[in-house]
Asker: 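Sending over a structure as structure tokens; questions will come in a sec.
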Amino acid sequence: MPSPCPPLTLDLLQQSADPGGRCRNPTAILEVAALFDLRQASATDIVDGLALASSRVDAPLASAATFTAVQAVAPAAILVHRPHGKVTGLLATLPLSAEALARLRAGALDTRNPAPDELLKPHQPAAASYTWIVAASSPTSAKALVQGMAAIHSLLTWQLVACARAVTADGARVLTSFGFQPTAGPAGYMELPPLDAPLQGFRL
């Protein structure tokens, strides 16, 4: 009989912290994501996740083809929560270069359909992590997505600017609870500056 998993604690999470805070290793990201029952999205998951997001957000979303293109250069960018075999949560992020971040702040980056040359290549250093889509159809999935997103940033990408656009009042509330603040840029644009240390302000 397998041993039960140890309870998730801050000390246990600290063991996964990246000292440089700019980790782009998909294996490391997926290992942290798995602690919150988040998994790399399959092609079917992407379609199901976008259908879920479309039912929750009154705004145009990226296509499945765009998601697939992003996943090709950032394999851990598209995560899903499917506790019972059905996608009930979708978390998508975009690693951004300094140039892409500047374009985002200026409202010139088409986040719905980013051009291939705007996607960060594996060898390029990231300056920011853009929270692209967060959508859930249950409180359990919502909690998994938010905690997983916060843990990945707090442990692995804590030296990057975290940024997002809140398209709903609930989204703005959640981002604000994690320290995001409205910043000059497109409507609803918010940022969280780089942290001073891993797990700063993180809570389970």
Side-chain angles (χ1 to χ4, degrees), residues 22-24 26 29-30 33 38-82 87-137 141-142 145-146 148-149 152-153 156-157 160-172 174-175 180 182-192:
R22 294 176 177 272
C23 177
R24 294 196 56 213
I29 295 171
L30 291 172
L38 303 180
R39 302 284 184 261
Q40 183 182 44
S42 67
T44 300
D45 291 337
I46 287 175
V47 173
D48 293 345
L50 282 171
L52 166 65
S54 295
S55 71
R56 296 294 189 276
V57 178
D58 186 21
L61 298 176
S63 67
T66 297
F67 265 53
T68 301
V70 168
Q71 195 177 56
V73 296
I78 318 296
L79 303 172
V80 292
H81 189 238
R82 48 170 191 253
V87 173
T88 51
L90 171 69
L91 171 62
T93 58
L94 285 176
L96 301 178
S97 66
E99 293 77 12
L101 176 59
R103 287 177 56 79
L104 176 66
R105 288 168 169 166
L109 181 67
D110 182 0
T111 55
R112 182 171 175 266
N113 188 32
D117 60 357
E118 291 177 321
L119 299 177
L120 194 67
K121 303 301 185 291
H123 66 279
Q124 291 179 300
S129 178
Y130 177 67
T131 301
W132 200 12
I133 296 178
V134 182
S137 58
S141 288
L145 296 180
V146 170
M149 175 180 68
I152 290 168
H153 180 65
L156 302 178
T157 60
L160 302 182
V161 173
C163 47
R165 282 187 67 187
V167 296
T168 66
D170 191 51
V174 171
L175 290 171
F180 283 76
T183 307
Y189 182 66
M190 307 177 80
E191 286 189 2
L192 176 67

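What you are looking at is a predicted structure, and each value in this text was computed from that prediction instead of being measured. Basis for what follows: all heavy atoms, side chains included, without hydrogens, waters or symmetry-related copies.
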Asker: Are the side chains of R82 and D48 in contact, using a 4.5 Å heavy-atom criterion?
Answerer: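 No, their side chains stay 4.5 Å or more apart.
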Asker: Which atoms form the tightest heavy-atom contact between L104 and Y130, and what is the distance?
Answerer: CD2-CD1, 3.7 Å
Asker: Taking atom CD1 of I78 and atom OG1 of T68, what is their separation to the nearest 0.5 Å?
Answerer: 8.5 Å
Asker: Between atom CG of L96 and atom OG of S129, what is the distance when rounded to the nearest 0.5 Å?
Answerer: 7.5 Å
Asker: Determine the minimum heavy-atom distance between L90 and L52, stating which atoms define it.
Answerer: N-CD2, 4.4 Å
Asker: Within this structure, what is the CG-CD1 distance for the pair L38 and I29, rounded to the nearest 0.5 Å?
Answerer: 12.5 Å
Asker: E191 and C163: which non-hydrogen atoms are nearest, and at how many Å?
Answerer: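 What the structure gives for the nearest pair is CG-CB, 3.9 Å.
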Asker: Could you walk me through whether H153 and L192 satisfy the side chain to side chain contact (heavy atoms under 4.5 Å, CB included) test, starting with their C-alpha distance in whole Å, then the side-chain angles of each, then the deciding distance to 0.1 Å, before giving a yes or no?
Answerer: CA-CA 10 Å; H153 180 65; L192 176 67; 4.0 Å; yes
Asker: Let me confirm one number: the CG-CZ distance from L160 to R24, rounded to the nearest 0.5 Å.
Answerer: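 CZ of R24 is found 9.5 Å from CG of L160.
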Asker: Look only at the side chain of R105 and the backbone of A184, and say whether a donor-acceptor pair between them is shorter than 3.5 Å.
Answerer: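 Not at all, since once roles are kept as given, no pair shorter than 3.5 Å links the two residues.
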Asker: Check A135 against L145 and note the closest heavy-atom contact, atom names and distance.
Answerer: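 Heavy atoms only, the tightest pair is O-CD1, 3.2 Å.
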Asker: Measure from the side-chain N and O atoms of R103 to the backbone N and O of A108, and report whether any donor-acceptor pair falls under 3.5 Å.
Answerer: yes
Asker: Quick check: closest heavy atoms across P26 and P75, and the distance to 0.1 Å?
Answerer: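 Taking every non-hydrogen atom into account, CB-CB, 4.0 Å.
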Asker: So does I46 get a backbone contact from the side chain of Q71, meaning a donor-acceptor N/O pair under 3.5 Å?
Answerer: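 Judged by distance alone, no pair lies under 3.5 Å.
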Asker: Where is the tightest heavy-atom contact between P114 and W132, given as atom of each residue plus distance?
Answerer: CD-CZ2, 4.4 Å
Asker: How many angstroms lie between CZ in R112 and CD1 in I133, if you round to the nearest 0.5 Å?
Answerer: 10.5 Å
Asker: Hey, does V174 have a side-chain heavy atom less than 4.5 Å from the side chain of V134?
Answerer: no
Asker: Between CG of L79 and CG of L30, what distance do you get to the nearest 0.5 Å?
Answerer: 6.5 Å
